[in-house]
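First up is the structure itself, then whatever we jot down about it.
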Number of protein chains: 2
Amino acid sequence: MAISEAEAVVMDVLWREAPRTAEEILAEVGPAQGWQEGTVKSLLNRLLKKKAVQAERDGRRYLYTPLLAREQYVQQESKGLLDRLFGGRVAPLVAHFSEQRKLSKKDIAELRKLLKELDDEQH
Amino acid sequence: MAISEAEAVVMDVLWREAPRTAEEILAEVGPAQGWQEGTVKSLLNRLLKKKAVQAERDGRRYLYTPLLAREQYVQQESKGLLDRLFGGRVAPLVAHFSEQRKLSKKDIAELRKLLKELDDEQH
DNA sequence: AATCCATGTTTACATGCGTAATTGTTCGCG
DNA sequence: CGCGAACAATTACGCATGTAAACATGGATT
């Protein structure tokens with residue numbers, strides 16, 4: 001089962017730092033998302049069921065730790081989009097952003113550097 | 001309201017060629033997706049409700065045409081992913097694929113070309 | 001011990017989605 | 001003109017999601 005968007009928000013907190021208690025998570029996302037305690041608890045439970053996080057008892061509360069690595073999640077999500085919209089190829093995606101003028105100077109510089117590195121590896 | 005994945009499959013057919021009848025759409029996606037007639041009709045109706053397609057009567061059936069441009073859809077989807085996963089910046093996304101060794105030779109060549117063009121535009 | 005508080009667990013409920021069966025409508029044909 | 005076929009529109013239904021209220025439970029407090 002896939003991780004939903006709301007669930008991903010919670011994962012994000014845990015990816016930044018773990019383990020964390022439900023309370024800490026609420027403190028971090030509640031205000032921004034307008035979520036109550038119950039909401040965060042539910043999301044955590046769904047994530048538990050999906051084996052995306054792990055809970056370890058600590059006195060009367062639990063400490064939550066991600067089991068799913070962020071890298072894995074990012075991988076799935078971006079591959080999905082790439083396959084659905086760009087025939088699985090990266091260049092068309094970048095071209096798309098380029099056409100939309102969504103490449104910042106920094107992006108361009110970094111891309112250049114990246115290509116250069118690939119070049120060098122190629123000895 | 002956003003366009004769901006199943007709905008996007010239908011849109012894809014219409015983006016390839018429009019207008020089309022429900023029957024033609026079914027013929028094109030039914031086998032691959034394992035969808036019946038009713039399924040396609042429902043999806044078309046939901047797309048109508050979302051103003052993503054338009055239906056024009058043609059005798060006893062309808063001809064469906066996209067109202068939402070593919071470009072627009074791609075834009076929304078990819079911006080969403082970029083924002084959620086890569087802080088809205090393109091270079092990190094490409095770096096991600098690079099690390100995963102998902103850049104084909106062709107990708108690299110095209111990226112190089114793209115950067116070169118950007119360079120040239122820059123007078 | 002009875003109570004309260006902090007936490008987690010269960011249940012709820014509206015909405016959207018995937019998938020389709022059912023029902024309604026309009027032509028063309030006998 | 002009435003009927004059946006071809007379409008479309010409506011309704012259905014189970015499951016996921018977003019959001020949360022209600023309930024349970026195990027210490028801490030009086």
Side-chain angles (χ1 to χ4, degrees), chain A residues 1-14 18-68 73 76-77 80-81 84, chain B residues 1-14 18-65 68 73 76-77 80-81 84:
Chain A
M1 228 167 309
I3 283 174
S4 81
E5 208 158 315
E7 287 159 1
V9 171
V10 170
M11 289 305 287
D12 255 327
V13 178
L14 292 175
R20 306 260 210 150
T21 67
E23 191 187 8
E24 289 168 336
I25 296 171
L26 173 62
E28 191 150 327
V29 303
Q33 308 290 130
W35 286 346
Q36 312 281 106
E37 205 181 319
T39 304
V40 171
K41 299 273 178 71
S42 280
L43 292 173
L44 280 171
N45 273 311
R46 286 178 187 170
L47 287 169
L48 276 172
K49 213 166 277 166
K50 294 180 184 179
K51 310 273 187 209
V53 308
Q54 179 189 25
E56 174 202 0
R57 184 141 229 150
D58 169 45
R60 78 182 104 187
R61 64 249 178 92
Y62 282 96
L63 294 178
Y64 297 91
T65 314
L67 284 180
L68 176 70
Y73 176 71
Q76 289 166 206
E77 292 293 301
L81 180 110
R84 277 189 300 122
Chain B
M1 223 169 310
I3 282 175
S4 80
E5 210 159 313
E7 286 160 2
V9 170
V10 170
M11 290 304 287
D12 255 326
V13 176
L14 291 176
R20 306 260 210 149
T21 66
E23 191 188 6
E24 288 167 336
I25 296 171
L26 173 62
E28 191 149 329
V29 304
Q33 308 289 129
W35 286 346
Q36 314 281 106
E37 206 180 319
T39 304
V40 171
K41 298 275 177 70
S42 278
L43 292 173
L44 281 171
N45 274 310
R46 286 178 187 168
L47 287 169
L48 276 172
K49 213 166 278 167
K50 295 179 183 179
K51 310 272 188 211
V53 307
Q54 180 189 24
E56 174 203 359
R57 186 140 228 152
D58 169 44
R60 77 182 107 187
R61 65 249 178 95
Y62 282 96
L63 293 178
Y64 296 91
T65 314
L68 175 69
Y73 176 72
Q76 289 167 205
E77 292 292 302
L81 180 110
R84 279 188 301 121

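All chains are named by letter (A, B, ...) in the order of the sequence lines, taking the proteins before the strands, and each is independently numbered beginning at 1.
With rounding to whole Å, Tyr62(B) atom OH is found 14 Å from dC7(D) atom P. For the pair Met1(B) CE and dG18(D) C1', the computed distance is 15 Å after rounding to whole Å. Following rounding to the nearest Å, Lys41(B) (NZ) and dA12(D) (C1') show an atom-to-atom distance of 17 Å. To the nearest angstrom, P of dA24(D) lies 17 Å from CG of Asn45(A). Here the P atom of nucleotide dA5(D) and the CD atom of Glu37(B) are 15 Å apart, to the nearest Å. As rounded to whole Å, 8 Å separates atom C1' of dT17(D) from atom CD of Glu7(A). Distance CH2 (Trp35(A)) to C1' (dG18(D)): 8 Å, rounded to an integer number of Å. Per the geometry, CZ belonging to Arg61(B) stands 14 Å off C1' belonging to dA5(D), to the nearest Å.
Other residues, nucleotides and ligands place more than 12 heavy atoms under 6.0 Å from the CD atom of Gln33(A).
Nearer to the 5' terminus of DNA chain D, by closest-nucleotide assignment, is the contact made by Leu43(A) (compared with the other of Gly59(A) and Leu43(A)). Nearest-nucleotide mapping onto DNA chain D: of Arg60(A) and Arg57(B), the residue sitting toward the 5' end is Arg57(B).
With hydrogens and angles disregarded, no donor-acceptor distance shorter than 3.5 Å links the side chain of Gln76(A) to the backbone of Tyr73(A).
Protein chain B touches strand DNA chain C; the 5'-most and 3'-most nucleotides with an atom under 4.0 angstrom of its non-hydrogen atoms are dG16(C) to dG28(C).
Here the straight-line distance linking atom CD of Glu28(B) with atom CG of Asp12(B) works out to 9.5 Å at 0.5 Å rounding.
For the pair Arg84(A) and Glu5(B), the minimum side-chain heavy-atom distance is below 4.5 Å. Val9(A) is listed as a side-chain neighbour of Trp35(A), based on a closest heavy-atom distance under 4.5 Å.
Of the listed nucleotides (dT17(D), dT19(D), dC7(D)), dT19(D) has the atom at the smallest distance from the side chain of Ser42(A).
Within 4.0 Å of Ala55(A), counting heavy atoms only, lies no atom of the nucleic acid at all. Here Ser4(A) lies in heavy-atom contact (under 4.0 Å) with sugar-phosphate atoms only. Across all strands, Lys50(B) comes closer than 4.0 Å only to sugar-phosphate atoms, never to a base (heavy-atom distances).
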Derivation and outcome, side chain to side chain contact (heavy atoms under 4.5 Å, CB included), residues Asp58(A) and Arg61(A): CA-CA 5 Å; Asp58(A) 169 45; Arg61(A) 64 249 178 92; 3.7 Å; yes

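Results of the side-chain contact (heavy atoms from CB on, under 4.5 Å) test with Val53(A) over Val10(A), Leu48(A), Leu67(A) single out Leu48(A) as the only residue that passes.
Residue Arg46(A) places a side-chain atom within donor-acceptor reach of the base of dG18(D), judged by atom type and a 3.5 Å distance cut-off alone.
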